[in-house]
Amino acid sequence: VCTSRFWFNYRHVANTLSVYRSVKRLGIPDSHIVLMLADDMACNPRNPKPATVFSHKNMELNVYGDDVEVDYRSYEVTVENFLRVLTGRIPPSTPRSKRLLSDDRSNILIYMTGHGGNGFLKFQDSEEITNVELADAFEQMWQKRRYNELLFIIDTCQGASMYERFYSPNIMALASSQVGEDSLSHQPDLGIGVHLMDRYTFYVLEFLEEIHPASQTNMNDLFQVCPKSLCVSTPGHRTDLFQRDPQKVLITDFFGSVRKVEITTETLSLDRDVAGFKSQFPEEELATEPLKYAEQLPVAQIIHQKPKQKDWHPPGGFILGLWALIIMVFFKTYGIKHMKHVF
Amino acid sequence: AAPVQVQLVVPMAVVFCPGSVPGDLPRPLPFRDVQEMEISVNLRTSVTSRYEMRYRSTTGQEEAALAAATAREADAALHLLQDTTLGSLTMYVVPETSSLLPQGINVYVGKHRSALVRAARSLAALQARLREVTQVMSFTASSIAAALSDRVPDGQLSPDARRNLKSSLGYEITFSLLNPDPKSHTVDWDIEGAVNRYVKPVLDKLSLVANFSVDSQILYYAVLGVTPRYDKESSSFLLSAHSLPHVINPVEARLGSSAASLYPVLNFLLYVPERSHSPLYIQDKDGAPVSTNAFHSPRWGGIMVYNVEAPASPQASLPLHVDVDMARVMEVFLAQLRLLFGLSREEVPPEFLLEGPGNEGLADWELDHLLWAHTVENIATVSTTLTSLAQLLDKIGNIVIKDDVASEVYRAVASVQSAVSKLSLGHLHAAFQASKEAVTSSERAFFDPSLLHLLYFPDDQKFAIYIPLFLPMAVPILLSLAKIVRETRLRKKEPTKMD
């Protein structure tokens, strides 16, 4: 999830896309990735190299490319949509690619980047998500067993405050900086004119470059990434809610996708001379009229619709009481004879 | 997790042939007996199984049926005479010397809901044997624990207890043909015919459990993610067992799925290797080639490798036309489908003989197996969902419950109570339907989009918003109130002063 928009937040989009690429390289298909981006970088009029987003100076790696599948873009990246994706309370018309279809055996990796503060994360400069809301959303997911284990990585200023309030089991969290510290960006590119990446994500990506789908590197190595000397901020992590020992948790458990496989040793013996099949439960044929394209929407009804009358509600108790108090005090103070000035 | 107390009742009939009655019966036939067993999963979840057994002797028609030559014929004849409600079992005890059961076999389990059991000397030994039969034909403690897998504390669960497909209202089955080398092979597969002839009977039988939808596709230039090794001894290419997990992911990206439905997807892939990598065999852990040349992944689907014979003459024109033998392919895919659902016949004691299910794909008692597991799983899911919904509403006081959400909750509660009561009466089919309705209603209530709470106001934010609004407004009011109070007090004092 990239929670920022606007050209000067280029680095957040580059962060997210780089993590997206690494995760795809290690085997997770697009159908299992929900990518939320403001997506206003590649075609931004201020981008000197249109249709690209670079993650490294000297323009070595274009992380935008032509197989990036953004599920929530631009103004769809809101706190509400993010929480809906996590908890599953999505309107029924949402397509499969925009849903988190996980079950009790799924390991989920959540990566968030943007601008944050002590206990909150700013979404697109107009709203915030607090750490309590995030913790509650994770608890909802746990109640419905929507995850087996969850890894939460956040790269914002004061990122550690976002994982302080988690209370559901099987969650491991990593943040780029502690409370009171800012996460800094890595390197500006003079050709593009903005900072390209954040430091923490840059070093995490360097670390991930060495992982391949069969590697045995574990989480403790990920915790050592980006020490204070390189990152200036102190990365933090939280493993008390996690049941397994981080030493035994492989990076590919979250970043890649290694499936359990069994050899099939049985076959079903089928009788080959079988004619066509008649079902026990024959389907009834419903006679339907062919639909005409023009009849899909009741256009005549929509055009001639009168605006809906809003119901009038009498003012609520609090407002009434407040006004009664004000009026009573006014007249008591100044006397009843002043009423003639009012009426 | 919410407490769940469920009683699973299995109505059973034990029918004695003449000459098979053990000597130590407590009462003369017919009589009834009940055996209960407790399967406790954790502190708050307990499942008791209750076998209600009716012991009687054979009727004339049953004896005539049992006079058949083989066990299979006897089973077919008996099928017409027995009670075929879902969940019930009938066991025919044949004399020890009977020739219906081959040597060394003590139990024959038929395709329907009956078994032929060889008689034993004492009632206790016979009951032990009958207990084994019921374990195979209805449910075991481990199958119930697997259905309730999210309640079992992590350490106690066996590692493969969570590999069966979760109970769902429907499943989507996709058959895909992968042809990475269309220049060398033109592959024709009559998938429609195969689905009609072989797959539809199985899905029809499973239609009691869930709705199934089938589609198929052909993908060209789709390669496996792993390069197979060339083995000089067998002059073939080999895929080792530990490289199999990495095969699925690169392919999955191209498989696609129906955008509209949210049901779990089962993918069955048929891979025709390239000319340059033929023939391709899958190796198991010991290095031996697998006879089916197929592997499957729990909760995902299966892959089978179909090798094409090398052309007779090296000058044969490419591309070669390949007609896929769909029957052989479907034998493997349907076997994988059974395994994905958890219907395996591996843990059967050696003196049992199980009749193959034939084209129907699964025996009636295997269908019962699924129904027992799914019903229990559904009931547990519904109680967890409703409890967590109630907890959510307790914690966040200002969520508004719409009327339709409320009615879904009531419906879910009524359905789950009906399911539990039907289970305790032994009506498996009705209990399963009720549990399905309960799951639908509870999921609809829990995942209703209107229940999202974005209403968290931390206390310091409340101060920050309301004080600048109300403080300036309150200043003149408070001052005036103070003035009023002072005046009233003065006026009260004045009369006494005047006097």
Side-chain angles (χ1 to χ4, degrees), chain A residues 24 26-32 79-80 83-84 87-92 95-97 99 101 103-105 119 130 132-133 136 139-140 143-145 213-214 243 256-272 274-277 279-281 322 325-326 329-330 332-333, chain B residues 150 154 162-163 166 196-198 200-201 204 207 241 244-246 248-250 252-253 257 259 262 282 284 290-292 294-300 302 327 330-332 334-336 338-339 356-359 361 384-385 388 392 446-449 451-454 456 458 477 480-481 483-484:
Chain A
K24 265 176 80 157
L26 290 171
I28 302 189
D30 272 313
S31 55
H32 288 234
V79 173
E80 182 184 337
L83 289 179
R84 281 194 192 283
T87 55
R89 300 208 163 96
I90 288 191
R96 233 182 145 103
S97 57
R99 289 181 188 248
L101 294 168
D103 60 16
D104 61 326
R105 286 197 52 162
T130 53
V132 176
E133 282 177 335
D136 283 341
E139 175 65 14
Q140 296 275 291
Q143 290 280 325
K144 220 35 191 100
R145 297 293 184 276
Q243 282 177 8
S257 176
V258 181
R259 294 183 187 262
K260 265 216 163 97
V261 154
E262 292 167 14
I263 306 275
T264 311
T265 47
E266 303 179 359
T267 53
L268 190 66
S269 59
L270 289 175
D271 180 13
R272 287 158 189 237
V274 174
F277 171 72
S279 159
Q280 269 181 40
F281 313 107
L322 196 60
L325 182 64
I326 292 172
V329 168
F330 174 77
K332 203 69 176 83
T333 323
Chain B
D150 55 347
D154 247 339
R162 282 201 267 177
R163 65 219 260 249
K166 282 187 83 78
N196 272 329
R197 281 210 302 282
Y198 303 121
K200 276 235 170 77
D204 204 55
S207 63
L244 291 177
H246 305 293
I248 297 182
N249 284 317
E252 173 150 27
S257 55
L262 295 174
I282 298 178
D284 63 12
V290 174
S291 58
T292 57
F295 64 97
H296 62 276
S297 177
R299 296 201 184 176
W300 183 79
M330 281 304 164
E331 285 183 346
V332 174
L334 290 174
Q336 287 179 335
R338 279 171 52 98
L339 290 171
N359 279 32
T384 313
T385 308
S388 70
L392 169 69
F446 187 86
F447 285 122
D448 190 83
L451 288 180
L452 196 65
H453 63 290
L454 287 178
Y456 170 67
I477 296 182
S480 309
L481 274 174
K483 190 156 175 256
I484 293 173

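- The choice from B/Gly361, B/Ala335, B/Ser291 that makes the most heavy-atom pairs within less than 4.5 Å of chain A is B/Ala335.
- For A/Asp30, no part lies under 4.5 angstrom from a heavy atom of chain B.
- Contacts of B/Ile248 with chain A are made by side-chain atoms alone, with heavy-atom separations under 4.5 Å and no backbone atom involved.
- A 4.5 Å side-chain heavy-atom check between B/Ile282 and B/Phe295 finds at least one atom pair inside the cut-off.
- In this structure, the portions of A/Ile263 lying under 4.5 Å from any heavy atom of chain B include both its backbone and its side chain.
- Rounding to the nearest 0.5 Å gives a distance of 8.5 Å between CD of A/Glu80 and CG of A/Leu83.
- Top candidate by heavy-atom pairs under 4.5 Å with chain B, chosen from A/Lys24, A/His32, A/Arg99, is A/Arg99.
- For the pair A/Arg89 and B/Phe446, the cation-pi test (distance below 6.0 Å, angle within 45°) is passed.
- Counting heavy-atom pairs closer than 4.5 Å to chain B, the top-ranked of the candidates A/Gly27, A/Pro92, A/Gly256 is A/Gly27.
- Across A/Thr267, A/Ile90, A/Thr265, the residue that shares the most heavy-atom pairs under 4.5 angstrom with chain B is A/Thr267.
- Looking only at heavy-atom pairs under 4.5 Å with chain A, the residue among B/Ala241, B/Pro449, B/Ser388 that has the most is B/Pro449.
- Looking at B/Leu244, both its backbone and its side chain come within 4.5 Å of chain A, counting heavy atoms on both sides.
- Looking at B/His296, the atoms closer than 4.5 Å to chain A (heavy atoms on both sides) sit in the backbone and in the side chain alike.
- Contact of A/Leu322 with chain B is made through the side chain alone, with heavy-atom distances under 4.5 Å.
- Taking each heavy atom of B/Tyr198 and B/Ala327 in turn, the nearest pair found is OH-CB, 3.6 Å.
- Considering every non-hydrogen atom in both A/Val261 and B/Pro245, the closest pair reads CG2-CA, 3.9 Å.
- Of all the listed residues (B/Arg338, B/Lys483, B/Glu252), the one sharing the greatest number of non-hydrogen pairs under 4.5 Å with chain A is B/Glu252.
- Residues A/Ile326 and B/Ile477 are in side-chain contact: their nearest non-hydrogen atoms beyond the backbone lie under 4.5 Å apart.
- One distance of note links OG1 of B/Thr292 with CD of B/Gln336; it measures 7.0 Å at 0.5 Å rounding.
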Walk me through it: do A/Lys144 and A/Gln140 pass the test side chain to side chain contact (heavy atoms under 4.5 Å, CB included)? CA-CA 6 Å; A/Lys144 220 35 191 100; A/Gln140 296 275 291; over 6 Å; no
